Each structure stands twice: as C-alpha cells, then as structure tokens.
Amino acid sequence: MVSEREDFSLSGPLHLTIVDWNNAHHRRSVAASLVQGVRILERDRQVNRRGSQALAPPWWEFFHFQLHRQLVDDVDSSIFGAIYELKPPESHYDNSVDESPCYVIAFRGTITKPGSVQRDLELDMSIIRNRLHETSRFETAIQAVRNVVATVGESNVWLAGHSLGAATALLAGKTMAKTGIFLQAFLFNSPFISAPIERIKDKRVKHGLRIASSVITAGLAFTTKKKSSQNSRSVDPFATLSAWIPFLFVNPGDPFCAEYIGYFEHRKKMDDIGIGAIERLATKNSLGSLLMTAMGRESEPLHLIPSANLIVNLTPCQDFREAHGIYQWWRPDLHMKSKLYNYR
C-alpha cells in the first residue's frame, strides 16, 4: 500500500505553481520537497516501482528540476542522496531566477524499512559518536559536493537534508566552509546530540542547568586545549566557520533537534549576565568530544556550529512523528519565528 506522504499529488506543495526564489517560504518548501524526492527515490527502489509507477519524479519535476545523479551507498546500495539541476522553461525566467540555485544536492533521513534500515541506523550511531566523517557514505557525499562546486561554482549550489541527511549536509557544509567555500544550506530537523534540557518546562531550572553545563564544559575545554597547544599556536576553526550561515529548521516538539533552540538562545543570556566568555568557549565544545580528546582521540562535535539562521516551527504538533517529519516544512500555514545568530 502506498503511503499518502509518498504521493506528491496528495501531500506535496501544490500551491507553488510558480516559484518566487526571493520568497523564503518558497525556497524552504522547494528544498524540503527535493529532500522528500530522495526519500521516495529510495522507496521506489525498495518496492520496485518503475516507470509510470514511480512516485519520486513529481517531487522535483513540479519545480522544473531534473534528476542529474543519484548518490548510492556502497554498503547496502540504497539511494541516500540526489543531485538536481534546475531547468526552468523560458516563460519562467524573471528577476527572481537570479536567487535560484543551478544545482541542489539533497540527502534523505533514516528510512525504517528493509533495504536501508540497518545501514541508516549504523550511520545514526556514527552521528552520536561523532564519527560520521569516517563513513563511506559521507565520503561519497562530500566528493559529489566538491565535484559540483568545482564545475559550476559555490554560488550556484545548495545543500539540503533532513534528520540523518541534515547531519550529512551540515558536515559537508562545514567541510567546505573550512576551505573558504560557503554553500547555502537548508537543514531540516538536524540532530543535536545532548541531554534534552530544552524539554524542561521550568525556565529557571533549565537556565540553571545550561549555566552549570557551560561552566563544566568550558573548564574541561580550557584544561584540554591548554595541554594540547602549549607548544603550538593555531587558528580557531570555530571562528573560521562563523561566516557560514546555514538555514536551520527545528521544531520544539522534536527532541532530536530541539536543543538547537537553547544552544543559540543561551549564548545571549550568558552575555547578558556578564559571563559570555565562558559560553564562547563552551559553545564550540561538547563533553563527549572533550572526553574523547582526553583519551587521545580527536573528536570534533558534528552538531555544533557558530552561526545560523534559526527557524523554529511554532505550529502545534500532534505527536513526535509530525514534529520530526519533513512534510511540515512546506505547509503554507506555518507559524514560525526566525532569528539570525552570528558567532563573534
């Protein structure tokens, strides 16, 4: 049986008959739809839907994209990503096209179905362990990103991903930013590996826990970094990344990504009470990565980023599935708040 969520005609953003690339809602909706297209590509493969039976093509063809290339995992042969090329008809060319991408590289989230679930869960664990950069899937992804950027230039390329795919896009974006290449990125429900402090209702308790965590993390970071840099002077990689500002879409009802809300808001609160220096040290470290470093194994926290356009979906959700789902991000009636956070 076909899920309604897989059929573009039943659940896609049919209201976007013409895309205004200057409109943030339109850009977000298209990026999310292209990510969904990757997911349905893999579902088509799993259930052997081909030709006219395939459900994936409308997810990109509706917006005048063509599928340029599928990205396939070398372990289980699942489709985890896709490279799309925008090919609008001449009648759609106007000033807004100047804000459009030439290519979008999109990555899907975890699919809990036979054919991909085992490999996807392995990669989910690699995120928790801060080892995603060591996986062959990420190597395939970053090589594809580098090749497309080398061909068409950074200003013509977008990254997009959901959940596991958002972590892949985030890591690819960070990797490119370290070389001075800043790609526009749309990260939906990207995992934030941390204790679920944001779920605590009492604001005083929540703020107190965040301060305690910042002090402990900053103290360990200071001790660890002091030992490792006694004989060397290096550039702060976190500060280097600060010019890269991805679009980060989170839902407070999704425990996988909700911690990004407190992560960014806490910086300002620490500045307000006069201890911003502590938070600036804590914000670029995690307790897990510091412990790994202390044991002699360098481990850069994947989920920590210096800057972001943080977009929070404030629309009430019925359950976790809705709060974590990619389909929420193309709804035309979303109630959202957006804030730009720049690391200094």
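One-based numbering along the sequence shown. The shown structure was predicted, so the numbers you read here are calculated from the model rather than taken from an experiment.
Considering Arg49, Lys113, Arg39 in turn, Arg49 is the only one that fulfils the salt bridge (charged side-chain N to carboxylate O under 4.0 Å, His left out) rule with Asp44. The one candidate from Ile127, Thr135, Ile142, Leu132 that meets the side chain to side chain contact (heavy atoms under 4.5 Å, CB included) condition with Leu171 is Leu132. Test Tyr327, Trp330, Phe249 against Phe188 for ring pair (Phe, Tyr, Trp, His ring centres under 6.0 Å) and you get one pass: Phe249.
Side chain of Arg27 to main chain of Trp21: a donor-acceptor pair is present (N/O by atom type, distance under 3.5 Å, no hydrogens or angles). Side-chain atoms of Ser307 come within 3.5 Å of backbone N or O of Tyr343 as a donor-acceptor pair. Judged by distance alone, with hydrogens and angles left aside, the side-chain atoms of Glu85 form no donor-acceptor pair with the main-chain N or O of Gln66 at under 3.5 Å.
Apart from Phe320 itself, the hydrophobic cluster it occupies contains Phe256, where clustering links Ile, Leu, Val, Met, Phe, Trp and Tyr at side-chain heavy-atom distances under 4.5 Å. The hydrophobic cluster containing Ile245 also includes Leu340, under a criterion of side-chain heavy atoms closer than 4.5 Å among ILVMFWY residues, counted directly or through chains of members.
Of all non-hydrogen atoms in Ala169 and Leu159, the two that sit nearest each other are O-CD1, 3.6 Å. When all heavy atoms of Ala166 and Leu187 are compared, the pair lying nearest together is O-CD2, 3.7 Å.
With rounding to the nearest 0.5 Å, the separation of CG in Asn147 from CD1 in Ile83 is 8.0 Å. Atom OG of Ser100 is separated from atom CG of Asp20 by 11.0 Å, given to the nearest 0.5 angstrom. Atom CD1 of Ile79 is separated from atom CG of Leu71 by 9.5 Å, given to the nearest 0.5 angstrom. Taken from CG in Leu121 to CD1 in Ile111, the straight-line distance is 11.5 Å, to the nearest 0.5 Å. The CD atom of Gln36 sits 6.5 Å away from the OG atom of Ser11 when rounded to the nearest 0.5 Å. In this structure, CD1 in Ile105 is found 12.0 Å from CG in Leu34, a value given to the nearest 0.5 Å.
With hydrophobic clusters built from ILVMFWY side chains whose heavy atoms lie under 4.5 angstrom apart, Ile40 does not share a cluster with Leu10. Following chains of ILVMFWY side-chain contacts shorter than 4.5 Å, one cannot reach Val75 starting from Leu164, and the two form parts of different hydrophobic clusters. Under the 4.5 Å side-chain heavy-atom criterion for grouping Ile, Leu, Val, Met, Phe, Trp and Tyr, Val35 is connected to Leu14 within one hydrophobic cluster.
The closest side-chain heavy-atom distance from Leu67 to Leu41 is below 4.5 Å. With a 4.5 Å cut-off on side-chain heavy atoms, Ile181 and Leu183 count as touching. Here the side chains of Ile305 and Leu241 are not in contact, with every heavy-atom distance at 4.5 Å or above. For the pair Val38 and Tyr84, the minimum side-chain heavy-atom distance is below 4.5 Å. Taking the side chain as every heavy atom from C-beta outward, His303 and Pro191 never approach each other to under 4.5 Å. At a threshold of 4.5 Å between non-hydrogen side-chain atoms, the residues Pro306 and Trp244 do not count as touching. Proximity of Val250 to Tyr263: side-chain heavy atoms (C-beta onward) are nowhere separated by under 4.5 Å. Counting heavy atoms from C-beta on, the side chains of Phe80 and Glu42 never come closer than 4.5 Å.
Take Asp333 and apply the side chain to side chain donor-acceptor pair (under 3.5 Å) test, not counting sequence neighbours, and it matches Arg331. Residues satisfying the side chain to side chain donor-acceptor pair (under 3.5 Å) criterion with Asn156, sequence neighbours excluded, are absent altogether. Residues passing the salt bridge (charged side-chain N to carboxylate O under 4.0 Å, His left out) test with Glu122 are Arg119, sequence neighbours excluded. Evaluation of the ring pair (Phe, Tyr, Trp, His ring centres under 6.0 Å) rule for His15 yields His25 as partners, not counting sequence neighbours. Residues forming a side chain to side chain donor-acceptor pair (under 3.5 Å) with Asp120 (at least two apart in sequence, or on another chain): Arg108, Arg137. Not a single ring pair (Phe, Tyr, Trp, His ring centres under 6.0 Å) links His26 to another residue, sequence neighbours left out.
Ring-centre distance between Phe138 and His133: not below the 6.0 Å cut-off.
Judged by the 6.0 Å distance and 45° axis criteria, Arg28 is not positioned over the aromatic ring of Phe247.
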Extract all donor-acceptor atom pairs below 3.5 Å that involve side chains of residues 50-62 and protein atoms in other chains or at least two apart in sequence.
{"residue": "Arg50", "atom": "NE", "partner": "Asn48", "partner atom": "OD1", "Å": "2.9"}
{"residue": "Arg50", "atom": "NH2", "partner": "Asn48", "partner atom": "OD1", "Å": "3.4"}
{"residue": "Trp59", "atom": "NE1", "partner": "Glu6", "partner atom": "O", "Å": "3.0"}

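Side-chain polar atoms of Gln46 and Ser116 form a donor-acceptor pair below 3.5 angstrom. Looking at Gln328 and Asn251, their side chains do bring a donor and an acceptor atom within 3.5 Å of each other.
Within the structure, ring pair (Phe, Tyr, Trp, His ring centres under 6.0 Å) contacts touching residues 99-120 (residues at least two apart or in different chains) are His68-Tyr103. Within the structure, side-chain hydrogen bond (donor to acceptor under 3.5 Å, both in side chains) pairs that include any residue of residues 179-191 comprise Asn189-Asp254, Asn189-Trp329 (at least two apart or interchain). Among pairs with a residue in residues 161-181, those fulfilling ring pair (Phe, Tyr, Trp, His ring centres under 6.0 Å) read His162-His324, at least two apart in sequence or across chains.
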Inset, instruction - List the steps, then state whether side-chain contact (heavy atoms from CB on, under 4.5 Å) holds for Phe186 with Val104. - result: CA-CA 10 Å; Phe186 297 79; Val104 177; over 6 Å; no
Inset, instruction - Would you sort out whether Gln118 and Asp76 count as a side-chain contact (heavy atoms from CB on, under 4.5 Å), showing the intermediate values? - result: CA-CA 9 Å; Gln118 181 176 348; Asp76 65 356; over 6 Å; no
Inset, instruction - Might you work through the side-chain contact (heavy atoms from CB on, under 4.5 Å) test for Val145 and Thr175, ending with a clear yes or no? - result: CA-CA 10 Å; Val145 172; Thr175 301; over 6 Å; no
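The aromatic rings of Phe63 and Phe8 stand perpendicular to each other, their planes meeting at an angle above 60°, with 30° marking the opposite boundary.
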